[in-house]
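One structure below.
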Amino acid sequence: MSIRFGTEGFRGVIARDFTFSEITRLAEAYGRFLLQKDGERVVVGYDTRFLAKQFAESVASYLASMGLEVHLLRGPVPTPLLSFAVRHMEAQGGVMVTASHNPPEYLGIKFKDAWGGPITPEEAKAIESLLPDGVLPRNGTYHTLDLKEAYFKALANLVDVGILSRFQGVLYHDSMGGAGAGFLSGFLRHMGIPVDVRPLREEAHPLFHGVNPEPIPKNLKVTMDALVDARPPSFAVATDGDADRVGVVLPGGRFFNPHQVLCVLARYRFAKGLRGRVAKNFAVTWLLDRLGERLGFAVTTTPVGFKWIKEEFLKGDVFLGGEESGGVGIPEHLPERDGILASLFLLESVVATGKDLEEQFLEVEALVGLRHAYDRLDLPIQKPLDSAKLLDPKPLMGLSPVGVETLDGVKWIYPEGWVLFRASGTEPIVRIYAEATEFQLVQGLLKEAQKIVLEEI
C-alpha cells in the first residue's frame with residue numbers, strides 16, 4: 001500500500017489502511033529520519049482508539065530496536081501531553097497514535113518535532129521518502145513514563161490559580177470517550193481548586209459513545225441536553241478524541257463556536273497585557289481581524305493545519321493561535337494546540353471579567369461593529385474536487401461577490417460574509433464553510449454553495 005501523509009502524519013481505516021505491517025514501515029521511516037539528524041530520544045503516546053495501545057507499543061518497540069531511547073507514556077494521554085513530554089524530556093521527536101477527531105474506524109500517527117509541535121511539510125516529505133517497501137517486526141526495550149503531574153505543574157505556571165478558585169458555577173467536561181477524560185478535574189484537584197467539575201462521557205470508548213469525537217453540535221447532543229437547565233456562569237467544554245481541540249456549550253444547550261472562543265480569548269489575553277500578533281488559519285472568522293484593528297494587534301492568516309501556526313509561534317511575537325476546528329495554542333506553553341489549557345483560560349476569563357462567555361462575545365461584536373454567524377457543511381466525495389472550477393465566484397443568496405482568495409482552498413468574499421470550499425486533508429470529504437451576519441443567511445449560503453459543488457464533482 002502507498003502511504004500518503006495528511007496534515008501531520010498518516011491516518012487510515014483500521015485493518016484496511018492502518019495495519020501493524022504499515023505501522024512498522026512508518027516506524028522504520030521515522031527512525032531513519034531521526035537517526036539521520038543524530039536523534040537519540042523519542043516519546044510515544046496513544047489515545048483511546050481501538051488497538052491504539054498495541055500499535056503504540058509496536059512503534060515504541062520497533063524504534064527502540066533501531067537504537068533510539070524510547071519512552072512510552074502511560075496512557076491513554078492527550079496529544080498536548082505527548083507534545084509536552086517531548087519538550088520536557090528534551091527528545092528529538094514524538095509519535096502520537098491517534099486519529100484525533102476522525103470517525104472511530106480511523107487510526108493514525110501524528111509526528112512531532114523537537115519543539116513538540118507538528119512536523120513541517122518538508123519533514124513529512126523526508127519521512128515519506130524513507131518508507132521501505134516492507135520490514136519485519138523487531139523488538140527493542142523501551143521505557144514507560146508518567147508525566148501527568150509535570151504537565152499539571154506546567155499548566156499551573158500559565159493560568160491564574162487564585163482566579164480559578166473563585167469560580168461559582170459548574171464546569172461540565174465532555175471528553176467524548178477520548179483521552180482528555182479526567183484531565184480538567186485532575187488538574188483542579190491536584191491544585192486544590194474547589195471547582196465543581198461534572199464529567200460527561202468520561203468512560204474511555206473506542207467507538208466514542210456512538211459519535212465522531214469532534215466537538216461540533218451534531219456530536220454534542222449529550223452535552224447540550226445536560227446544559228438545558230444550567231445557568232451562567234456554568235458552561236461546558238468538550239474535548240475531541242485526543243484533547244487537542246475544544247468545543248463549548250453554554251447554558252440552555254447552545255453551542256459557542258470556535259470562532260467565538262478565539263475572539264474571547266484574544267480579547268482577554270490582550271486585556272491581561274499580552275502583546276504581539278494573533279495567528280489564525282484561513283477558515284477563522286473575520287471578526288478576529290477587526291478586533292485586532294480595534295485593539296491594536298496584528299493578525300496573521302495561515303493555511304489550514306496547525307503546522308503553519310506553529311511556524312508563526314517559532315518566529316516569536318505571537319500571543320495566541322487558533323483554528324476554526326477548535327484548536328487553540330498558547331505560545332508560551334507549546335507550539336501546539338491544547339484543549340485542556342484552552343478550557344482553563346476560558347474558565348479564568350469568566351471569573352476575572354465577571355461576565356459569562358456569551359456576554360464577553362457580545363462585547364466583542366459591539367466593539368467591532370459586526371455580528372457573527374457561522375456553520376460548516378461536510379460533503380462526502382468519490383473523486384478529488386477540481387478547485388480551478390471554483391475560481392470564478394458566483395452570486396449566492398442574491399449577494400454579489402467582491403473577491404476571491406486562494407490561500408488554502410477557494411474563498412468567495414461578499415460584503416456580508418464569505419464562503420470557503422476546501423477538501424479535507426484526512427477524510428474523503430469537501431468542507432464548505434460560511435460566515436455572515438445572520439444565521440439564516442449562513443444556511444442559505446451553504447445550501448446554494450452545496451449545489452455548485454455537487455454540479456462540479
Side-chain angles (χ1 to χ4, degrees), residues 1-33 42-66 70 72-73 75-79 82 93-112 118-119 123-139 142 176-179 204-208 210-214 240-245 305 307 378 380-382 423-429:
M1 183 190 125
S2 175
I3 293 178
R4 296 191 62 185
F5 283 21
T7 53
E8 291 186 39
F10 171 71
R11 298 181 197 179
V13 175
I14 299 169
R16 186 191 70 188
D17 313 310
F18 200 90
T19 64
F20 282 99
S21 61
E22 295 302 283
I23 204 81
T24 303
R25 291 178 62 212
L26 283 163
E28 172 73 24
Y30 189 57
R32 291 178 182 178
F33 172 76
V42 61
V43 185
V44 180
Y46 60 92
D47 69 4
T48 62
R49 287 177 182 264
F50 179 66
L51 291 178
K53 179 181 180 181
Q54 289 82 353
F55 278 113
E57 290 172 340
S58 178
V59 170
S61 178
Y62 194 93
L63 290 173
S65 76
M66 297 178 72
V70 182
L72 176 66
L73 292 172
V77 298
T79 289
L82 180 279
V95 180
M96 183 67 189
V97 180
T98 179
S100 192
H101 62 288
N102 288 125
E105 63 268 25
Y106 281 80
L107 195 49
I109 278 184
K110 291 180 178 179
F111 293 113
K112 303 299 177 183
I119 57 173
E123 289 170 326
K125 290 178 182 177
I127 297 169
E128 279 187 284
S129 71
L130 296 171
L131 283 164
D133 292 332
V135 291
L136 295 173
R138 298 193 301 186
N139 295 318
Y142 54 85
M176 306 187 78
H205 201 294
L207 296 180
F208 303 104
V211 300
N212 293 350
E214 181 179 13
D240 71 332
D242 64 334
D244 63 354
R245 291 176 170 86
K307 59 193 174 190
D378 295 350
I381 57 172
Q382 301 301 320
S424 168
T426 59
E427 299 174 74
I429 59 176

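Remember, predicted model here, so these are calculated numbers, not experimental data.
In this structure, F208 and T48 have side chains that are in contact, with non-hydrogen atoms separated by less than 4.5 Å. Residues N102 and N212 are not in side-chain contact: their nearest non-hydrogen atoms beyond the backbone lie 4.5 Å or more apart. Between M66 and R32, some side-chain heavy-atom pair lies under the 4.5 Å cut-off. The shortest distance between side-chain heavy atoms of I109 and M96 does not fall below 4.5 Å. Side-chain atoms of Y46 and T98, non-hydrogen and from C-beta on, never get closer than 4.5 Å to each other.
In this structure, CD on E57 lies 11.5 Å from CG on N139, to the nearest 0.5 angstrom. Going from atom CZ of R11 over to atom CG of D17 covers 13.5 Å, rounded to the nearest 0.5 Å. For the atom pair D378 CG and E214 CD, the distance stands at 7.0 Å (nearest 0.5 Å). Rounding to the nearest 0.5 Å places CD of E123 at 11.0 Å from NZ of K307. Put simply, CD1 on I14 and CG on L51 are 6.5 Å apart, with the number rounded to the nearest 0.5 Å. Once rounded to the nearest 0.5 Å, the distance linking CZ of F10 with CD of E128 reads 10.0 Å.
When the ring-ring contact (aromatic ring centres under 6.0 Å, His included) test is applied to F111, the partners found at least two apart in sequence or on another chain are F5, Y30. Remark: F55 pairs with F18, F20 by the ring-ring contact (aromatic ring centres under 6.0 Å, His included) rule, at least two apart or across chains. With sequence neighbours excluded, the residues that form a side-chain contact (heavy atoms from CB on, under 4.5 Å) with P206 are F50.
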The test is side chain to side chain contact (heavy atoms under 4.5 Å, CB included); show your working for V44 and L73 and say whether it passes. CA-CA 6 Å; V44 180; L73 292 172; over 6 Å; no

Given E22 and R25, is the salt bridge (charged side-chain N to carboxylate O under 4.0 Å, His left out) satisfied, shown in steps? CA-CA 5 Å; E22 295 302 283; R25 291 178 62 212; 2.9 Å; yes

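Stacking of R138 on the aromatic ring of Y62 is recorded, both the 6.0 Å distance cut-off and the 45° axial limit being met.
For the residue pair T79 / D244, no side-chain donor-acceptor distance below 3.5 Å is found, with atom types taken as modelled. In this structure, a donor-acceptor pair under 3.5 Å is present between the side chains of R245 and S100.
Among I119, D242, L82, the one residue that satisfies the side chain to side chain contact (heavy atoms under 4.5 Å, CB included) test with K110 is D242.
Across every non-hydrogen atom of A179 and V77, the tightest pair is CB-O, 3.3 Å. Residues L72 and A60 approach most closely at CB-CB, 4.4 Å, considering heavy atoms.
A donor-acceptor contact shorter than 3.5 Å is absent between the side chain of S61 and the backbone of S58. A side-chain donor-acceptor contact under 3.5 Å links D47 to the backbone of R49.
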